[in-house]
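Every heavy atom of this structure was used, including side-chain atoms; hydrogens, water molecules and symmetry mates were not.
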Amino acid sequence: MRQHSRPSLVVPAAVVLLVACATNPATGKRQLSLVSEKEEIALGQQSKQQVLEQMGAYPDPKLQAYVESVGKKMALHSERPNLPWSFTVVDDPAVNAFALPGGPIFITRGILGYLNTEAELASVLGHEIGHVTARHSVQQMSKAQLAQLGLGVGMIVSPELAGVGQAASAGLQLLFLKFGRDDERQADELGFRYMVKEDYDPRQADDMFVTLKRSSDLAGGGRVPEWTSTHPDPENRAEAAEKRAATVPNADKMNVGRDVYLAHVNGIVFGDNPRQGYFQGNSFLHPDLKFRIDFPDGWKKQNTASAVVAASPKDDAAIQLVPAGKMSPQEAAQKFLSQEGVKAAQAQGSQLGALPPSSSYFEAQTQQGAVRGIASFLSHGGQTFGILSYTAPESLSGYDAAFRKTIASFGPLNDPAALAVQPAKIELVKVPRQMTLAEFNAQFPSSVPVEQVAVANGLDPKAGTFKAGETAKRIVGGAPPASAAAPKP
């Protein structure tokens with residue numbers, strides 16, 4: 001770090017930290033804050049747009065309005081009612097919810113499928129509201145800024161560093177800020193406060209924690225980010241929630257809202273949406289965009305919001321299918337090769353053959369070292385797609401044939417069954433009598449394992465029972481199993 005020669009600019013760190021500290025509006029305690037409320041709001045709004053572009057809002061206006069109404073009535077009675085609060089359901093199957101600085105809060109359709117009451121929904125939203133009102137993201141960012149500058153207690157800093165509170169380039173990394181044990185406990189306590197203030201039964205928070213733990217156990221840890229991974233749980237939070245609820249008199253008379261909640265999630269997509277692409281064997285099929293592509297046998301594959309990726313068994317090669325927008329394949333190829341650190345190359349002994357014209361070998365420098373591979377750009381359905389295949393330079397000859405075979409396999413999806421596939425959805429049924437899981441599944445069969453049906457209904461997957469007359473969820477429809485053979489082009 002550059003040394004400052006003007007003594008008048010140097011002040012003790014304690015003085016700077018005193019100025020940089022602010023009173024936490026939710027707790028009344030002082031906390032480190034290098035980011036003003038104006039900057040906090042601006043950063044949150046900027047990142048909100050990035051989230052919507054990456055994940056997309058779930059296309060159900062009634063559900064969006066319902067979640068917004070539940071969240072806003074708690075936020076508007078919190079310690080920071082004047083923030084530009086927003087509550088959005090994003091079209092993502094992960095069991096997740098997260099808050100951005102300054103008010104934007106997101107909850108996935110994935111987590112909504114596992115909740116069963118409005119009070120459970122309120123407990124999730126209340127927790128995220130608590131992160132915002134307590135300015136946890138701002139505090140984490142401030143600590144990160146100090147760490148990046150090499151500052152610590154007992155060191156000296158210059159007032160010239162006052163601008164470090166500018167929130168330029170944080171973007172989606174905000175989603176992965178890790179909150180510590182104290183922050184999580186505090187958000188739980190604040191969420192409890194907001195629930196009780198709005199007359200929601202706080203015992204439902206306990207049920208919510210149990211259900212989410214079960215869903216994570218069934219998924220073997222689930223996809224990342226997930227609420228149970230981005231929200232560390234070093235202690236038994238369900239037990240803590242139960243103890244807090246026990247302090248509330250007449251909790252049994254407070255609002256639960258099971259029927260109204262279930263009515264709003266009736267018909268919601270459950271799990272991955274095959275309309276947005278799914279795997280069958282080694283093939284990736286995309287019904288909405290009407291294309292297919294075949295990946296090498298034995299490679300690990302994943303469909304994300306921004307790309308389809310495959311990695312070799314040794315993790316030393318990768319293939320990515322990415323959208324390139326409305327530009328022509330030639331323009332996309334030129335743009336790719338004009339990037340800093342990327343240049344066209346020719347692999348000895350290999351020919352591009354019948355691959356699309358806008359294909360070339362390339363070399364690139366990455367943080368992990370040099371890579372070499374094939375960049376191919378092609379048009380389909382009025383859009384341009386890029387297929388980037390790469391490995392270490394010395395390994396290209398071994399993967400070249402697999403790269404070219406995958407690129408050549410990209411083409412239109414014509415199979416009627418694949419084009420017509422629909423996502424699994426929640427369907428409500430009335431339970432005629434008390435039933436075991438097996439009895440319920442026999443009368444109301446689902447397209448997912450019965451253990452998953454149990455957890456989606458808030459039941460123990462080993463010994464849960466349905467009550468007579470209650471409304472329950474079954475899961476219907478969905479894509480064929482991923483291991484099934486892919487239809488022929």
Side-chain angles (χ1 to χ4, degrees), residues 58-60 62-63 66-67 89-97 107-118 120-121 124 207-208 210-223 226-228 258-280 285 287 303 417-418 420-432 435-467 469-484:
Y58 186 68
D60 184 337
K62 291 184 178 180
L63 180 62
Y66 172 63
V67 171
V89 181
V90 287
D91 193 1
D92 192 293
V95 178
N96 198 20
I107 187 167
T108 63
R109 64 166 173 81
I111 198 173
L112 293 181
Y114 283 96
L115 303 181
N116 285 280
T117 69
E118 186 173 301
E120 287 185 353
L121 172 63
V124 175
D207 295 340
M208 179 271 296
V210 171
T211 294
L212 295 186
K213 178 65 167 60
R214 289 170 177 165
S215 72
S216 182
D217 290 343
L218 278 182
R223 64 174 63 217
E226 186 178 83
W227 212 62
T228 52
R258 176 180 173 86
D259 289 342
V260 67
Y261 178 82
L262 291 178
H264 278 94
V265 298
N266 187 30
I268 193 173
V269 172
F270 188 88
D272 292 311
N273 186 348
R275 300 299 308 174
Q276 298 168 353
Y278 67 100
F279 290 99
Q280 274 195 328
L285 315 176
N303 179 27
V421 70
Q422 295 297 320
K425 294 186 177 183
I426 289 176
E427 181 181 279
L428 301 182
V429 296
K430 187 70 71 174
V431 180
M435 305 177 97
T436 65
L437 290 173
E439 291 171 335
F440 179 84
N441 201 49
Q443 184 163 344
F444 305 105
S446 289
S447 56
V448 300
V450 66
E451 294 82 5
Q452 198 167 7
V453 175
V455 174
N457 281 283
L459 299 177
D460 184 340
K462 295 181 180 179
T465 58
F466 292 88
K467 298 177 182 178
E470 74 175 352
T471 301
K473 306 172 192 166
R474 66 186 294 213
I475 315 300
V476 297
S483 59

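Shown here are the side-chain hydrogen bond (donor to acceptor under 3.5 Å, both in side chains) partners of Y114, two or more places apart in sequence or in another chain: Q452. With sequence neighbours left out, the side-chain hydrogen bond (donor to acceptor under 3.5 Å, both in side chains) criterion links N116 to K473. Looking at residues two or more places apart in sequence or on another chain, you find a side-chain contact (heavy atoms from CB on, under 4.5 Å) between V431 and M435, F440, F466, E470, A472. Residues satisfying the side-chain hydrogen bond (donor to acceptor under 3.5 Å, both in side chains) criterion with Q422, sequence neighbours excluded, are absent altogether. Evaluation of the side-chain hydrogen bond (donor to acceptor under 3.5 Å, both in side chains) rule for T117 yields Q204 as partners, not counting sequence neighbours.
For the pair V89/D60, no side-chain contact is recorded, criterion being any heavy-atom separation below 4.5 Å from C-beta on. Contact check for N96 versus I111: no side-chain heavy atoms found under the 4.5 Å cut-off. Contact of the P432 side chain with the F444 side chain is registered, since non-hydrogen atoms from C-beta on lie closer than 4.5 Å. The side-chain heavy atoms of L437 and T465, taken from C-beta on, include no pair separated by under 4.5 Å.
Contact detail for V124 and A97: the closest heavy-atom pair is CG1-CB, 3.7 Å. Minimum heavy-atom separation, P461 to A454: CA-CB, 3.7 Å. Nearest approach of G478 to V421, heavy atoms of both residues: O-CG2, 4.1 Å. Closest heavy-atom contact between L115 and E120: CA-OE1, 3.4 Å. The nearest pair of heavy atoms linking V269 to Y58 is N-OH, 3.1 Å. Scanning all heavy atoms of the two residues, the minimum distance from A424 to G477 falls at CB-O, 3.4 Å.
For the atom pair CG of N266 and CG of L428, the computed distance is 3.5 Å after rounding to the nearest 0.5 Å. Taking NZ from K213 and CG from L218, the interatomic distance works out to 10.0 Å, rounded to the nearest 0.5 Å. The distance from atom CD1 of I268 to atom CG of L112, rounded to the nearest 0.5 Å, is 5.0 Å. The CD atom of Q276 lies 4.5 Å from the CG atom of D91; values are rounded to the nearest 0.5 Å. Once rounded to the nearest 0.5 Å, the distance linking CZ of F279 with CG of D272 reads 10.0 Å.
Checked by atom type and distance alone, the side chain of R258 pairs as donor or acceptor with a backbone atom of T471 at under 3.5 Å. No donor-acceptor pair under 3.5 Å is formed between the side chain of R109 and the backbone N or O of A94. Using modelled atom types, one side-chain atom of N273 and one backbone atom of R275 make a donor-acceptor pair closer than 3.5 Å. Proximity of a side-chain donor or acceptor of N303 to a complementary backbone N or O of G277 within less than 3.5 Å is detected.
Using a 30° and 60° split on the angle between ring planes, Y66 and Y261 fall in the tilted class, from 30° to 60°.
Within the structure, salt bridge (Lys or Arg N to Asp or Glu O under 4.0 Å) pairs that include any residue of residues 439-463 comprise R433-E439 (at least two apart or interchain).
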